[in-house]
Amino acid sequence: MATTLRDAFSVTRYSFWVGALLSSLVGSVLYLVTARSIESDAETRFVSHARHAQSVINVRVKSYTDLLRATGSMIQSTDVLTYQNFHEFARGLDLAQHFPAVDYINYAVYVPHERRDGVVADLRKNVSRIFGRPVDVDISPPGDRSSYLVVAFVEPAPPGARYYGVDLMANRYFGSQLIEERDRGVIFSAGTPIQVLSQPNNIYLGMRMPVYRGAGPINTVEQRRAAYVGSLGIAFSVRKLLHGVMDEIPIAGLRMTLYDVGPGLDAQGRDASDKLLTLFDSRGTSANPTPALETGDDVFTTTLPLDFNGRLWKTVYSVHKSALYTEFDTYYPKLMMAFGFLGSILLYALLHTLTSSRRAALALAQEMTSELRESQTKLQLSHQKLRRLADHAYQIKEMERKRIAREIHDDLGQSLLALRIEAELLAGRTKGTHSHLHKRARATLLQIDTTIKSVRQIINDLRPTVLDLGLSAAVEWQVNQFQRQTGIQCEIRDDHGEIALPDHCATAFFRILQESLTNIVRHANATHTKVELRLHGGWLSLTVRDNGCGLPPGGRNKYGSFGLVGIEERIVILGGTCAVFSEPDGGTTVMVSAPVIGPEQPVLTQQQEHGSGSAVI
């Protein structure tokens with residue numbers, strides 16, 4: 001009988017390797033799934049940061065385009081443009097402060113051949129006045145042509161007179177571009193570096209726009225040619241244009257490379273339409289302005305297009321994957337693999353024990369049946385033994401179940417307790433002798449103790465249960481909590497009652513309210529707050545006002561402060577708008593609006609009332 005039980009409950013080589021193989025397979029699957037999930041999340045964050053950087057570049061390009069349009073409007077509104085007019089306007093723009101990438105802004109006058117002498121005389125007078133001495137400047141390159149496009153005004157004043165009198169039409173490539181610019185009435189960039197200004201990894205480009213007389217119509221090509229009076233342009237540094245963009249992305253080692261893929265000329269004036277022109281490389285140096293791009297499985301790469309006034313630019317962002325991983329991300333897949341392996345081993349052991357118990361009972365029954373058949377004399381004794389053994393088998397099965405349950409509880413529980421005791425012992429022994437190791441041991445203890453609380457808090461942060469009652473109820477609850485905890489009077493204005501919203505919209509508005517109230521407590525020193533919910537034409541607006549001290553200069557862009565940035569990001573994702581107003585007499589207003597499900601209103605009204613973006617006043 002003992003032999004039978006031992007054989008039934010023994011772990012054979014076959015069963016051992018089956019259990020080990022299944023547990024290894026489960027652990028490996030958990031490892032791969034966790035590793036891919038972490039990598040996917042890191043790649044999503046990387047692409048999101050890259051798109052943010054691309055949007056910043058778009059905004060900056062638009063601001064320099066607006067500079068050209070504003071200057072062109074000034075010229076069109078002036079009957080006779082003089083050096084003094086142009087100089088005063090350029091000085092008022094304060095290029096160094098508001099447009100730091102722009103080195104020069106110039107205006108080239110369209111000159112028919114019959115007006116050449118008069119224009120040259122005026123040009124010499126202006127240039128001599130600028131340099132304080134007589135300057136015999138002339139149109140270059142020399143030669144008689146039917147018309148000229150002569151650079152007459154340059155601000156700030158360039159270092160030499162060679163910048164004046166240049167006939168832009170004389171260059172065949174630029175001349176054709178300027179003619180197209182004139183006939184189409186659009187801003188354009190030639191895509192060729194300005195050689196006199198450009199340096200390795202510091203490319204200078206130009207943008208130009210046609211200028212017409214403001215009196216007549218310019219709807220057709222013939223009308224534009226008749227009204228054409230000149231061309232306005234700026235020379236700007238691509239490096240300065242992109243300055244600070246990388247600083248806004250919280251990823252160490254991120255690389256940004258900007259290319260021009262449109263037609264153009266190289267430094268020798270040859271056609272470079274089939275080549276990529278590298279405009280900027282964040283890792284470029286004077287010695288090696290365009291290092292090779294990094295590739296491989298350990299690198300995240302994304303390419304985003306950029307429309308630069310009709311020219312196609314593309315930006316390549318790349319970074320090593322390790323830069324987006326935390327220390328926990330590195331060990332988490334291995335931890336999941338260990339948990340999967342151990343859990344599978346324990347489950348397999350439980351199933352093996354239950355199966356072995358059944359085999360043992362069957363073996364015992366067969367043995368007892370055989371003994372009963374051997375002898376009538378031993379029938380009663382065998383019957384009694386069978387009863388005792390059956391009872392014993394049931395007891396063994398119950399005790400085995402209890403033992404397995406106790407071992408699961410005690411072993412795992414003691415392992416976790418032993419881990420904490422060891423960490424606490426390490427903290428105690430290193431106190432006063434190894435301060436750094438002691439600090440790490442105490443941090444480990446804190447991490448063990450706060451794991452369960454952190455999980456609960458994370459669940460509550462992801463989905464507050466009060467939102468199940470609706471956004472209006474959630475706002476009212478949050479305001480009541482705010483008043484009770486801070487003592488600041490808070491007024492609610494909600495004339496619409498409960499508002500039916502998609503779950504993600506309600507969560508976003510609730511989080512924005514929480515962040516706004518938190519900022520008031522931390523920074524505003526306010527005594528009164530007003531929260532207003534307004535639903536109008538399918539747009540839901542949330543306004544939070546306080547009577548505090550307002551935003552200090554530069555407060556929104558303070559390093560390490562992400563409250564307002566988080567609010568803006570949440571609402572932009574919903575396709576809405578965000579505005580932060582700092583009142584002159586104190587107080588701050590945060591107003592966000594987003595389209596939600598509501599009463600239908602004319603589309604035109606909503607387009608006029610709302611526009612995607614953000615503002616700080």
Side-chain angles (χ1 to χ4, degrees), residues 452-548 562-581 583 587-601 605-606 609-610 612-614:
I452 297 178
K453 295 180 181 179
S454 298
V455 170
R456 291 173 180 169
Q457 185 59 41
I458 290 172
I459 292 174
N460 188 62
D461 289 342
L462 288 175
R463 175 62 186 177
T465 55
V466 71
L467 276 174
D468 294 333
L469 302 178
L471 179 60
S472 297
V475 170
E476 182 177 356
W477 174 84
Q478 181 63 44
V479 168
N480 291 335
Q481 291 288 101
F482 173 75
Q483 291 186 122
R484 191 182 73 252
Q485 294 174 2
T486 64
I488 300 175
Q489 182 182 1
C490 190
E491 175 187 351
I492 302 178
R493 182 179 178 184
D494 182 2
D495 300 332
H496 298 275
E498 189 51 56
I499 304 172
L501 298 177
D503 183 71
H504 68 283
C505 291
T507 302
F509 275 91
F510 183 78
R511 292 301 186 202
I512 290 171
L513 174 63
Q514 283 185 322
E515 184 62 38
S516 301
L517 295 178
T518 299
N519 288 339
I520 292 173
V521 174
R522 290 180 178 176
H523 311 293
N525 295 325
T527 60
H528 183 272
T529 304
K530 183 177 180 180
V531 177
E532 179 181 353
L533 274 177
R534 185 169 68 94
L535 182 64
H536 179 67
W539 281 70
L540 179 63
S541 298
L542 171 66
T543 304
V544 182
R545 295 186 177 90
D546 66 73
N547 63 345
F562 300 101
L564 295 178
V565 175
I567 290 174
E568 181 177 340
E569 287 300 319
R570 285 183 181 274
I571 204 65
V572 169
I573 290 175
L574 298 178
T577 63
C578 173
V580 181
F581 301 89
E583 304 294 341
T588 302
T589 300
V590 177
M591 184 173 66
V592 296
S593 300
V596 296
I597 299 176
E600 295 184 357
Q601 294 291 337
T605 302
Q606 293 307 314
E609 182 177 353
H610 301 280
S612 181
S614 64

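No experiment lies behind these values; they were computed from the predicted model shown.
Listed here is the closest heavy atom pair of Trp539 and Gly576: CZ3-CA, 4.2 Å. The two atoms that bring Thr577 and Ile571 nearest to each other are O-CG1, 3.6 Å, heavy atoms only. Asp494 and Ser472 make their closest contact through OD2-OG, 2.9 Å (heavy atoms, listed as atom of the first residue, atom of the second, distance). In terms of heavy-atom proximity, Cys490 sits nearest to Phe482 at CB-CD2, 4.2 Å. Closest heavy-atom contact between Glu476 and Ile492: CA-CD1, 3.8 Å. Closest approach of Ile488 and His528 over heavy atoms only: CG2-N, 3.9 Å.
One finds the CD atom of Gln483 at 10.0 Å from the CD atom of Glu491 (value rounded to the nearest 0.5 Å). Taking NZ of Lys530 as the reference point, atom CZ of Arg493 lies at 5.5 Å (rounded to 0.5 Å). To the nearest 0.5 Å, atom OG1 of residue Thr518 and atom NE2 of residue His523 are 9.0 Å apart. Separation of atoms OG1 (Thr588) and CG (Asn547) is listed at 10.0 Å; rounding is to 0.5 Å. Of the inter-residue distances, the one linking Thr529 atom OG1 with Arg545 atom CZ reads 12.0 Å to the nearest 0.5 angstrom. Phe509 CZ to Gln514 CD: the interatomic distance, rounded to the nearest 0.5 Å, is 14.5 Å.
For Ala524, the side-chain contact (heavy atoms from CB on, under 4.5 Å) criterion is met by Ile520, Ala526, Asp546, not counting sequence neighbours.
The shortest distance between side-chain heavy atoms of Leu540 and Leu471 falls below 4.5 Å.
The only option from Leu542, Leu533, Asn480 that meets the side-chain contact (heavy atoms from CB on, under 4.5 Å) definition with Val475 turns out to be Leu533.
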Audit row: Leu535, Val596, side-chain contact (heavy atoms from CB on, under 4.5 Å) steps and yes/no
CA-CA 9 Å; Leu535 182 64; Val596 296; 3.8 Å; yes
